[in-house]
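Both counts, for ligands and for their atoms, begin at 1 and track the order of listing.
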Amino acid sequence: MPKLNEHYQDLKESYLFAEIAHRVAAYTQAHPDQKVIRLGIGDVTLPLGSLALAGLHEGVDAMASPDTFKGYGPEQGYAFLRDAISAYYARSGVSVDAGDIFISDGAKSDTGNIAELFDADNVILIPDPVYPVYVDSNVMSGKKVTYISGNAENAFLPMPDPAVHADIIYLCSPNNPTGAVYNREQLQEWVNYALANDAVILFDSAYEAFITDPDLPRSIYAIEGAKRCAIEFCSLSKTAGFTGTRCGYTVVPKELVFTASNGVQMSLHAMWNRRQSTKFNGTSYIVQSGAAAVFTEDGMKQCRANIQYYQENARIIADTLTRKNIRFFGGVHSPYIWFECPNGMESWAFFDELLTRAQVVGTPGAGFGENGKHYFRLTSFGNHENTLEAMKRFEKLF
Ligand SMILES: *Cc1c(COP(=O)(O)O)cnc(C)c1O
């Protein structure tokens with residue numbers, strides 16, 4: 001009989017989106033004539049830009065002829081895409097070596113798989129609330145995590161405690177689910193703390209393209225010293241609508257070298273390279289061809305137009321909450337609006353209230369951690385008409 005990885009027993013039931021679907025299905029069955037508006041999912045809805053599509057088509061056409069056909073590609077990704085991403089960083093004033101960039105099928109795999117590089121005997125800090133992948137991927141490999149509290153007092157931006165040592169720190173900015181964004185000074189404090197502790201920051205920047213204020217850092221590498229302590233995860237999912245097309249990238253600087261227990265110097269870059277070369281055969285050439293088009297200036301212009309569409313929805317939601325005097329976070333440099341449930345309600349009770357009385361679906365904050373228990377997430381990934389209608393109903397109700 002196989003001995004199983006029993007750490008899987010330690011995972012909390014991942015019932016958030018299944019439970020939402022279940023409650024919505026039960027409601028719509030009982031009320032088939034009601035129009036339910038979904039502002040719950042963290043998935044984009046606008047189609048790909050024409051340049052990304054042209055890039056994808058070029059990739060497909062290359063497969064048709066023996067001179068241009070592509071078989072296995074480099075596990076790290078094609079140089080044309082790594083160069084395009086390096087140039088994209090450079091346009092926002094951040095220098096990232098193309099050789100430090102690893103192309104993947106998305107940030108979820110990489111933020112989950114990175115845990116393999118680290119021993120169980122580490123102090124691992126993970127914000128609460130946050131994207132559930134970080135906690136679950138550590139629990140699966142039997143690692144203990146320490147939560148750092150995001151709350152209204154710190155505007156859902158937990159800061160380091162110099163009195164407490166850490167080895168690994170997960171940060172997500174702009175944050176899912178709270179929409180909160182670290183500024184330069186705050187990220188500098190985290191980088192200084194990591195350097196002082198010889199720690200590694202795992203920085204999830206999946207929403208960087210939603211940042212519109214040029215003073216806010218879109219990359220951890222905009223911060224002095226970050227290449228000596230940080231790995232960055234990015235994705236085309238929210239930036240370019242690639243949630244179904246699948247492409248992400250992870251930056252592992254060659255500067256990240258630590259001393260092993262036997263005194264050997266180990267490079268995280270070399271380890272990740274080995275891990276990927278062993279377990280991953282690369283992102284499809286076709287997708288990388290589409291992705292390269294995204295990172296051209298015109299390709300990014302098309303992405304920005306879609307992001308602006310979502311941001312207009314976020315503004316509609318934020319304006320409604322402001323008028324109703326409901327405290328909220330995010331909604332500016334993020335597709336997410338995170339607010340306190342009215343009347344001290346818990347998030348699942350509020351979910352039911354919003355569904356049955358306004359026919360609007362959101363996401364209960366409890367699904368993202370203990371600190372989300374009294375909070376609720378709405379997303380701006382719907383269309384204008386539905387978002388306006390949902391907010392009209394919301395305004396009447398609360
Ligand atoms: C959506 C999202 C990602 C992107 O995941 P992909 O696998 O690239 O689609 C990464 N991190 C966070 C926090 C997200 O919300």
Side-chain angles (χ1 to χ4, degrees), residues 14 16-17 20 39-46 48 52 77 81 85 88 101-115 125-138 148 150 156-158 169-182 201-211 218-220 230-251 276 280 282-284 287-288 290-291 294-295 303 306-307 310 314 329-331 333-338 362-363 365 367-369 371-372 377-381:
S14 152
L16 177 65
F17 289 101
I20 291 174
L39 301 181
I41 44 155
D43 196 357
V44 297
T45 53
L46 293 172
L48 301 184
L81 179 54
I85 293 170
Y88 171 65
I101 299 170
F102 293 84
I103 309 302
S104 71
D105 64 352
K108 188 189 220 177
S109 344
D110 285 4
T111 51
N113 292 331
I114 200 79
L125 303 186
I126 300 185
D128 171 2
V130 87
Y131 187 54
V133 173
Y134 319 147
V135 172
D136 287 353
S137 57
N138 278 287
I148 44 175
F156 289 94
L157 295 167
I169 303 142
Y170 286 79
L171 296 177
C172 179
S173 176
N175 188 277
N176 178 10
T178 70
V181 192
Y182 284 110
I201 295 174
L202 303 176
F203 191 76
D204 187 339
S205 197
Y207 296 94
E208 56 87 17
F210 283 76
I211 294 178
R218 281 167 37 203
S219 163
I220 188 93
I231 291 174
E232 178 159 284
F233 304 91
C234 289
S235 169
L236 281 77
S237 283
K238 317 310 177 347
T239 300
F242 268 47
T243 50
T245 308
R246 311 303 307 141
C247 192
Y249 51 101
T250 293
V251 181
Q276 290 298 81
F280 182 60
T283 306
S284 104
V287 168
Q288 291 190 65
V294 164
F295 290 104
C303 294
N306 283 2
I307 288 172
Y310 296 134
F329 301 85
H333 305 291
S334 160
Y336 300 124
I337 294 94
W338 178 253
T363 312
F368 301 100
N371 286 353
R377 188 190 78 175
L378 288 177
T379 85
S380 60
F381 289 132

**Request:** Mind telling me whether Tyr170 and Tyr134 have parallel, tilted or perpendicular rings, with 30° and 60° as the class edges?
**Result:** parallel

**Message:** With rounding to the nearest 0.5 angstrom, report the OG1 to CG distance, Thr250 to Leu202.
**Reply:** 10.0 Å

**Message:** Which label fits Phe381 and Tyr336: parallel for a plane angle under 30°, tilted from 30 to 60°, or perpendicular past 60°?
**Reply:** perpendicular

**Fill in**
Those residues with a heavy-atom separation under 4.0 Å from ligand 1 are Gly106, Ala107, Lys108, Tyr131, Tyr134, Cys172, Asn176, Asp204, Ala206, Tyr207, Ser235, Ser237, Lys238, Arg246

**Student check: side-chain heavy atoms of Asn113 and Phe280 closer than 4.5 Å** = no

**Message:** Can you confirm whether the side chains of Thr111 and Asp204 place a donor and an acceptor under 3.5 Å from each other?
**Reply:** no

**Message:** I'd like to check the ring pair (Phe, Tyr, Trp, His ring centres under 6.0 Å) partners of Phe368; sequence neighbours left out, ordered by chain and number.
**Reply:** none

